Amino acid sequence: MNEELKAHLEFFEELGVDGVRLEPEWRARREPAEPIEPNEPIEPIEPNEPNEPKDPLRIIREELGADCSRCKLHTLGRTQVVFGVGNPNADLMFVGEAPGGDEDIQGEPFVGRAGQLLTKIIEAIDLRREDVYIANVIKCRPPGNRNPEPDEVEQCQPFLFRQIETVKPKVIVALGKFAAQCLLRTNDPITRIRGREFKYRDAILIPTYHPAYLLRTPSAKREVWEDMKRVRAILHGE
Ligand code: URA
């Protein structure tokens, strides 16, 4: 068996997939994205041409500001604000909790180990990372990757809400307890809300386990795969 196919099937097995699809679209799926190089330079924001309509995500990003000081995280060792990345017109949006160490350095959400697993999860439903939009509830790294605190969430979540309003995804996947609780305004544990679908404005919200949890608890990958199959079906209008 060729090496690439072997790696692909091994990953599916890791996810708990018990079979593969034989439809031509599946076989014609695109190559996985290149691995992410650490410490890639962050693209500078180019100035808008005069009279060019402003990109709405860019307006939000500028309002948030590259040196945001709305909450205490700006004094607690963050390197930079990590805004969001991906297709500004994506049908599918992932929402995580907060940047970790790798994201804080690279300025992009989900680029560390959990992020690499997220990329594989995206590819498992025949999409590429650049097809979707990825953001976090809070945009700065909490020290030592501690949980976000309520005042931090309070200050930062309006920017996430505006990102969602702008991208207008059909499906939002809330990764883990913090994202799910923030978007659904509930204190219910993730174990109670996962496996269900919720309406979030014009989108369908699917809560699932955070990829960092999957790294610690690989057996939960099977449930995430169930959730992702549902995401794919909704995106295909099924
Ligand atoms: N965990 C998150 O919730 N977000 C990231 O961007 C990285 C890890």
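Only a predicted model underlies this, so the values are computations on that prediction, with no experimental measurement involved. All heavy atoms count here, side chains included; hydrogens, waters and symmetry mates do not. Indexing begins at 1, ligand by ligand and atom by atom, following the structure's order.
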Item to check | Side-chain touch Pro109/Val85, heavy atoms, less than 4.5 angstrom | outcome: yes
Item to check | Non-hydrogen atom of His210 closer than 4.0 Å to ligand 1 | outcome: yes
Checklist entry - Nearest protein heavy-atom contact for atom 4 (N) of ligand 1: which residue, which atom, what distance? => result Asn136 OD1, 2.8 Å
Next on the checklist: Which residues pass the salt bridge (charged side-chain N to carboxylate O under 4.0 Å, His left out) test with Arg162, not counting sequence neighbours?
Outcome noted: Glu63
Checklist entry - Atom CD in Glu152, atom CD in Gln157: separation rounded to 0.5 Å? => result 12.0 Å
Next on the checklist: Give the atom numbers and elements of ligand 1 that come within less than 4.0 Å of a heavy atom of Gly96.
Outcome noted: 3 (O)
Checklist entry - Taking non-hydrogen atoms only, is Glu97 closer than 4.0 angstrom to ligand 1 via side chain, backbone, both or neither? => result both
Checklist entry - Using a heavy-atom cut-off of under 4.0 Å, does the side chain or the backbone of Ala114 touch ligand 1, or both, or neither? => result neither
Item to check | Short side-chain to backbone donor-acceptor contact, Glu97 and Asn147, under 3.5 Å | outcome: no
Item to check | Straight-line distance of Ile121 CD1 to Trp225 CH2, nearest 0.5 Å | outcome: 10.0 Å
Would you give me the side-chain donor-acceptor pairs under 3.5 Å for residues 206-219, sequence neighbours excluded?
from, atom 1, to, atom 2, distance (Å)
Thr208, OG1, Asp227, OD2, 2.5
His210, ND1, Ala212, N, 2.9
Thr217, OG1, Tyr213, O, 3.3

Next on the checklist: Using a 4.0 Å cutoff against the non-hydrogen atoms of Pro109, which atoms of ligand 1 qualify?
Outcome noted: 6 (O)
Checklist entry - Among protein heavy atoms, which sits nearest to atom 2 (C) of ligand 1, and what does the distance come to when rounded to 0.1 Å? => result Ala98 O, 3.1 Å
